[in-house]
Amino acid sequence: MNNSLKALIEACRAGEADYQDLIDRVPYARFLGIELRVQGEELTFILPRNPENIGNPTLPALHGGAVAGFMEQAAIIFILLEMGEPRVPKTIDFTIDYLRAGLFRDTFAECRITRLGRRIANVHISAWQKRRDEPITIARAHFLLSEENN
Amino acid sequence: MTDNSVPYTRIDVCNRSLETVRHSRNLGMEVLSAEESGVRVRMPWREDLVGNPDTGVLHGGAIFAMMDQAGGMANSCRLYPNFEITPTIDFRVDHLHAPTPGKAVICQASCYRLTTHVTFVRLTTWEEGMEDGEPVATGLATYTRMKLDKNGRVTS
């Protein structure tokens, strides 16, 4: 475990560092342009409307892969911030259902840890654009919680 | 089988879709081969696609996005010479082990079942040069078929 990451997570949890610094540390999160909004203790992840993330140019619609990557990264950040000890989770599997077309507009995501075991976390992720109760995608993923030296 | 009456090949169809899908172009994807039985694509390792800056391993999301696109192209290869839009219904990817930092990844995607409304696709991703060895990821997906008329409008 990289100490700078651990220190950054602890600073975020203590309210001494900006959560965005944690997201911006991940190159792929910057590639997608992921942002994070904190309201009270609730974390909402944002994939701002960005032409780089377009899949179907005629509709236009977001690339399903960009939405999936956004949700996976949201879950990883969520686990880091929710867990007592910061450990970098590795994705074991990721399963997504596409319910509605992802329009060319801002996309939001929230995460819920269904089960946090000693080694494996099961996370549910929901993404929406217009209304939270009209998700465009829902996903379920398992993450391996690495040991300190991984 | 090659039908000389069709003025474009499967690889043309796949390259065309990569040209128009901006996000896949951004991933640096390229088509290596395109047959009725499946498509093979490549995505380079790139610093901006890294998920863990401490290890340099590609982000699972980047691998997912590449595989989802490959699945769509496997549909196009199966549907050739007809053209349809095939939005993803659901997609599962298993990350079997992390690809080596600095190494490109290769994905083989095959549409193994085509019904009136749905396509079924399986996918395997390896590290480049390790295509005969253990995959880094496997995927299983379904897509829905949206047929287009001559003007490119969705008919069903």
Side-chain angles (χ1 to χ4, degrees), chain A residues 1-6 24-32 34 47 50-76 88-102 104 137-144 146 150, chain B residues 17-29 43 45-72 85-98 137-144 146 148 151-154:
Chain A
M1 163 73 69
N2 183 298
N3 284 330
S4 66
L5 173 62
K6 189 171 179 172
D24 289 343
R25 205 175 165 282
V26 179
Y28 182 71
R30 287 201 305 270
F31 175 77
L32 292 178
I34 298 175
L47 182 67
N50 180 350
E52 301 298 331
N53 295 336
I54 285 181
N56 184 321
T58 48
L59 289 177
L62 291 182
H63 194 287
V67 177
F70 163 57
M71 294 169 82
E72 182 176 332
Q73 181 58 30
I76 290 170
V88 179
K90 290 178 185 165
T91 313
I92 299 170
D93 60 61
F94 182 89
T95 309
I96 183 167
D97 293 326
Y98 291 93
L99 307 175
R100 294 177 174 85
F104 182 43
T137 50
I138 50 174
R140 179 177 66 89
H142 290 95
F143 294 93
L144 185 65
S146 325
N150 272 357
Chain B
S17 84
L18 276 191
E19 281 164 27
T20 54
V21 177
R22 187 158 169 180
H23 189 72
S24 297
R25 211 169 58 223
N26 291 345
L27 293 170
M29 287 180 65
M43 183 176 75
W45 180 91
R46 236 178 36 212
E47 202 281 330
D48 59 350
L49 301 179
V50 163
N52 185 337
D54 299 334
T55 60
V57 171
L58 278 175
H59 198 287
I63 292 172
F64 180 101
M66 183 263 309
M67 290 174 78
D68 189 18
Q69 179 69 38
I85 292 177
T86 55
T88 316
I89 301 173
D90 81 281
F91 200 114
R92 175 191 171 113
V93 58
D94 288 323
H95 295 281
L96 308 183
H97 68 83
T138 54
L140 201 55
T142 55
Y143 296 78
T144 182
M146 294 170 73
L148 302 176
N151 301 315
R153 277 192 284 266
V154 174

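All values derive from a computational prediction rather than experimental measurement. The chains referred to below are lettered A, B, ... by the order of the sequence lines, with proteins before strands, and numbering in each begins at 1.
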Trainee: Within the 4.5 Å heavy-atom criterion, are B/M67 and B/F91 side-chain neighbours or not?
Mentor: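 Of all side-chain heavy-atom pairs linking B/F91 with B/M67, at least one is under 4.5 Å.
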Trainee: Do the non-hydrogen side-chain atoms of A/N53 and A/F104 ever get within less than 4.5 Å of each other?
Mentor: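 Counting from C-beta outward, A/N53 and A/F104 never come under 4.5 Å.
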Trainee: Just by distance, with hydrogens left out, do B/H23 and B/Q69 show a side-chain donor and acceptor under 3.5 Å apart?
Mentor: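 B/H23 vs B/Q69: no donor-acceptor pair found between side chains.
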Trainee: What part of A/I96 gets closer than 4.5 Å to chain B, counting heavy atoms only: side chain, backbone, both or neither?
Mentor: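 Answer is both: backbone and side chain atoms of A/I96 are under 4.5 Å from chain B.
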Trainee: Can you tell which of A/P51, A/A68, A/G64 has the highest number of heavy-atom pairs within less than 4.5 Å of chain B?
Mentor: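 Option with the top pair count is A/P51.
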Trainee: Sort A/L32 into side chain, backbone, both or neither according to what part of it lies under 4.5 angstrom from a heavy atom of chain B.
Mentor: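 Just the side chain, heavy atoms under 4.5 Å.
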Trainee: Flag the one option from B/V50, B/L96, B/D68, B/T20 with the top tally of heavy-atom pairs under 4.5 Å to chain A.
Mentor: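 Winner by heavy-atom pair count: B/V50.
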Trainee: Is B/R25 in contact with chain A via its backbone, its side chain, both, or neither, using a 4.5 Å heavy-atom distance?
Mentor: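 Neither part.
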Trainee: Let me know if A/P60 has heavy atoms under 4.5 Å from chain B in its side chain, its backbone, both or neither.
Mentor: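 Answer is neither: A/P60 stays 4.5 Å or more from chain B.
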Trainee: Say whether, by atom type as modelled, one donor and one acceptor occur between the side chain of B/N26 and the main chain of A/E52 under 3.5 angstrom.
Mentor: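 It does hold such a pair.
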Trainee: Using a cut-off of under 4.5 Å on heavy-atom pairs, state which of A/V26, A/L99, A/L144, A/I92 scores highest against chain B.
Mentor: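 Of A/V26, A/L99, A/L144, A/I92, A/I92 has the most heavy-atom pairs under 4.5 Å with chain B.
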Trainee: Counting heavy-atom pairs under 4.5 Å to chain A, which of B/E47, B/R46, B/H95, B/H59 comes out on top?
Mentor: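 Among B/E47, B/R46, B/H95, B/H59, the one with the most close pairs to chain A is B/H59.
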Trainee: Just so I know, are the side chains of A/I34 and A/Y28 near enough to count as touching, which here means a heavy-atom distance under 4.5 Å?
Mentor: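 Sidechains of A/Y28 and A/I34: no contact.
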Trainee: With respect to chain A, which residue among B/D94, B/L140, B/T144 yields the maximal number of heavy-atom pairs within a distance under 4.5 Å?
Mentor: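 Top option by heavy-atom pairs under 4.5 Å: B/D94.
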Trainee: Is any side-chain heavy atom of B/L49 less than 4.5 Å from a side-chain heavy atom of B/M43?
Mentor: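 Side chain of B/L49 against side chain of B/M43, heavy atoms only: contact under 4.5 Å found.
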Trainee: Which region of B/I89, side chain (C-beta onward) or backbone (N, CA, C, O), has a non-hydrogen atom less than 4.5 Å from a non-hydrogen atom of chain A, or is it both or neither?
Mentor: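 Just its backbone gets close to chain A.
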Trainee: Does any heavy atom of chain B fall under 4.5 Å from the side chain of A/I76, the backbone, both, or neither of them?
Mentor: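 For A/I76, the side chain is the part near chain B, not the backbone.
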Trainee: State, with a plain yes or no, whether a side-chain heavy atom of A/L62 is found less than 4.5 Å away from one of A/F70.
Mentor: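 No, too far: nothing below the 4.5 Å cut-off.
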Trainee: Could you tell me whether the side chain of A/R30 and the main chain of A/D24 form a donor-acceptor pair under 3.5 Å?
Mentor: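 Looks like yes, one N/O pair under 3.5 Å.
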Trainee: Checking A/D97 against chain B: side chain, backbone, both or neither under 4.5 Å from a heavy atom?
Mentor: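 Contact with chain B is through both the backbone and side chain of A/D97.
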